[in-house]
Amino acid sequence: MELKLTDLDISEGFERLVLAEDASSGLRALICVHSTVLGPAAGGCRMWDYADDAEAIADVTRLARGMTYKNAMAGLGLGGGKSVIIGDARRDKTPAMMRAFGRAVDALKGMYYTAEDVGISPEDMAHAAAETRYAVGLSGASGDPSPWTAEGVFRCLRIGAAHVFGSDDLTGRRVLVQGLGHVGLSLAQKLHEAGAELIVTDIHAAALEEAKTRLGAEICAPDAVFEQRMDIFAPCALGGVLDEHSSAKLQARLVCGAANNQLTSPGIAEALRTRGITYLPDYVVNAGGIISVASEIHRTGDRWRRERLDGIAERVAEMLARASAEDRSTELIADEMVERMLREASAA
Ligand code: NAD
């Protein structure tokens with residue numbers, strides 16, 4: 001049977017939601033295009049064993065909208081979109097399924113560019129890319145995005161430090177890095193080189209030992225993060241780390257890290273602000289990875305990537321200045337900056 005594409009109803013403010021089904025490979029996927037106002041939509045493909053279609057739709061729409069904001073803020077000339085393949089990545093994924101997914105992406109004729117996300121590797125993307133030129137993040141192209149993400153977070157963290165402490169000199173600043181994965185370890189290395197005192201935590205011991213011996217880091221248990229005294233908190237593990245309880249306990253003056261969706265709700269940014277803690281919105285500071293992927297879409301090189309990283313650092317500085325002047329949270333200011341960009345582009 002042929003690949004079947006069905007346009008589903010979608011809430012106002014979104015452009016398209018497509019269900020892609022391919023019986024021969026078992027593919028069931030959703031592609032959501034939130035906005036193409038600033039350019040073709042771009043965002044990764046996630047494979048997850050959702051409980052039902054409603055859960056998958058809620059996830060893909062939330063993520064697609066998030067990509068519009070991230071791509072806009074990073075000045076990439078790209079809109080926001082995302083896709084999800086419904087299924088267990090370890091059990092169900094096959095090259096034929098990824099090729100069928102590639103055909104689904106191709107049928108959108110460049111309205112959406114896909115790349116890797118949770119459950120999808122560069123090898124999987126290569127199967128999709130055999131069917132479409134709108135699959136990026138391929139081995140041998142823009143490469144691992146993590147070092148770019150770490151570099152972007154590091155630059156923004158310095159700007160945040162200058163705002164909060166009056167100097168971007170990190171010598172002797174206590175920084176807790178939560179999660180020593182691809183991004184966290186690279187960030188910890190940069191912080192060490194800049195003279196910071198590191199506290200690190202992870203659920204796996206190997207990276208912790210490396211950070212201890214090579215970077216002189218202090219190790220803390222994963223569940224003891226909010227008991228630690230620190231100057232800067234850098235969440236680089238999972239989302240949802242800052243909720244009502246943890247944000248009330250956090251002993252830091254600045255939050256800047258790579259993890260997506262760090263706050264359980266937008267109100268947490270305001271709660272942190274009232275406790276004198278500056279939060280740098282995750283989607284702004286962790287855009288280095290998508291900047292790297294965008295360089296593959298636009299076929300640009302290292303210089304372009306570096307200029308975009310400079311751009312996010314400039315936007316963070318602008319956001320902090322406005323947040324202080326207007327006595328509002330950086331999260332609100334960042335969202336407003338993006339919404340203004342979208343309005344101006346739509347009007348133009
Ligand atoms: P990763 O999987 O390589 O690393 C995550 C690390 O966090 C792992 O070492 C894991 O053991 C650890 N971890 C998991 N649960 C933990 C817990 N409860 N406490 C402490 N440590 C825990 O992932 P990554 O690529 O380094 O990405 C880190 C975060 O940044 C993720 O939230 C990701 O979505 C986000 N992000 C990554 C990129 C990128 O370029 N890789 C870009 C944007 C955003």
Side-chain angles (χ1 to χ4, degrees), residues 42-48 59 62-63 66-67 69-71 73-74 76 80 82 84 89 115-122 125 136-137 141-157 175-191 198-212 215 217-228 230 233-243 246 250 255-264 280-296 305 308-309 312:
C45 170
R46 173 172 294 193
M47 183 156 185
W48 197 257
D59 205 32
R62 179 181 65 87
L63 293 165
M67 288 311 299
Y69 280 66
K70 186 184 288 210
N71 294 344
M73 201 56 135
L76 301 182
K82 199 88 184 183
V84 296
E116 301 88 355
D117 196 79
V118 178
I120 301 293
S121 67
M125 222 11 94
V136 289
S142 58
D144 180 6
S146 310
W148 294 91
T149 305
E151 175 66 17
V153 171
F154 179 68
R155 288 202 202 179
C156 294
L157 183 146
V175 187
L176 191 150
V177 180
Q178 181 186 44
L180 289 178
H182 291 96
V183 182
L185 195 56
S186 169
L187 176 66
Q189 171 79 40
K190 290 173 195 293
L191 290 164
L198 287 170
I199 316 167
V200 294
T201 184
D202 199 291
I203 50 172
H204 294 301
L208 290 174
E209 278 312 311
E210 188 186 341
K212 186 176 168 186
L215 312 177
E218 206 180 290
I219 296 175
C220 101
D223 58 1
V225 167
F226 298 101
E227 268 76 61
Q228 305 299 310
M230 66 193 94
F233 177 41
C236 296
L238 306 171
V241 281
L242 287 165
D243 61 15
S246 57
L250 179 67
V255 178
C256 176
N260 280 311
N261 305 316
Q262 290 164 26
L263 311 184
T264 51
L280 300 187
D282 45 22
Y283 75 82
V284 184
V285 306
N286 73 12
I290 189 74
I291 287 174
S292 180
V293 169
S295 73
E296 195 177 324
R305 291 197 265 203
R308 293 300 168 294
L309 280 187
I312 56 172

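Just the heavy atoms: all of them, side chains too, but no hydrogens, waters or symmetry mates, feed the values below. The chain is numbered in sequence order, starting from 1. Whatever order the structure lists them in is the order used to number ligands and atoms, beginning at 1.
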Name the closest protein heavy atom to [atom], giving the residue it belongs to and the distance to 0.1 Å.
| atom | result |
| --- | --- |
| atom 14 (C) of ligand 1 | Ile203 CD1, 3.7 Å |
| atom 2 (O) of ligand 1 | His182 ND1, 4.8 Å |
| atom 5 (C) of ligand 1 | Cys236 O, 3.9 Å |
| atom 41 (N) of ligand 1 | Ser146 OG, 3.3 Å |
| atom 27 (O) of ligand 1 | Val183 CG2, 4.0 Å |

Report summary line: Honestly, for Asn260 the part within reach of ligand 1 (heavy atoms, under 4.0 Å) is both
Report task. Using a 4.0 Å heavy-atom cut-off, say whether Ile290 meets ligand 1 through its side chain, its backbone, both or neither. Result -> neither
Going by heavy-atom distance to [atom], choose the closest among [options].
| atom | options | answer |
| --- | --- | --- |
| atom 42 (C) of ligand 1 | Asn261, Thr149, Val285 | Thr149 |
| atom 21 (N) of ligand 1 | Asp202, Ile291, Asn286 | Asp202 |
| atom 31 (C) of ligand 1 | Ala207, Ala237, Ala258 | Ala237 |
| atom 4 (O) of ligand 1 | Gly44, Gly181, Ala150, Ala259 | Gly181 |

Distance-only donor-acceptor hits, side chain of residues 146-157, under 3.5 Å, sequence neighbours excluded:
residue: Ser146; atom: OG; partner: Asp144; partner atom: OD1; Å: 2.9
residue: Thr149; atom: OG1; partner: Pro145; partner atom: O; Å: 3.3
residue: Thr149; atom: OG1; partner: Gly289; partner atom: N; Å: 3.0
residue: Glu151; atom: OE1; partner: Lys190; partner atom: NZ; Å: 2.9
residue: Glu151; atom: OE2; partner: Arg155; partner atom: NE; Å: 3.1
residue: Arg155; atom: NH1; partner: Asp310; partner atom: OD1; Å: 2.3

Report task. Consider ligand 1: state whether an atom of it lies below 4.0 angstrom from any non-hydrogen atom of Gly239. Result -> no
Answer whether the closest heavy-atom distance between the side chains of [X] and [Y] falls below 4.5 Å.
| X | Y | result |
| --- | --- | --- |
| Ile120 | Met125 | yes |
| Asn261 | Arg62 | yes |
| Lys70 | Asn286 | yes |

Requested in this report: Please assess Lys82 against Asp117 for the test side chain to side chain contact (heavy atoms under 4.5 Å, CB included), listing each intermediate value before the final yes or no.
Outcome: CA-CA 9 Å; Lys82 199 88 184 183; Asp117 196 79; 3.1 Å; yes
Query - side-chain contact (heavy atoms from CB on, under 4.5 Å) partners for Ala221, two or more places apart - result: Asp223, Ala224
Query raised in the report: Less than 4.0 Å between atom 11 (O) of ligand 1 and some protein heavy atom, yes or no?
Result: yes
Requested in this report: Output the list of atoms in ligand 1 that are nearer than 4.0 Å to some heavy atom of Leu238, sorted by atom number.
Outcome: 15 (N)
Query raised in the report: Of all the atoms in ligand 1, which lie at a distance below 4.0 Å from a heavy atom belonging to His204?
Result: 11 (O)
Report task. Check whether any side-chain N or O of Gln262 sits under 3.5 Å from a backbone N or O of Asp282 as a donor-acceptor pair, and report yes or no. Result -> no
Report task. Check for a donor-acceptor pair, side chain of Asp202 on one end and backbone N or O of Leu180 on the other, with a separation under 3.5 Å. Result -> yes
Query raised in the report: If you measure from CG on Leu176 to CD on Glu218, what distance do you get to the nearest 0.5 Å?
Result: 9.0 Å
Query - Separation of Met73 CE from Ile312 CD1 (nearest 0.5 Å) - result: 10.0 Å
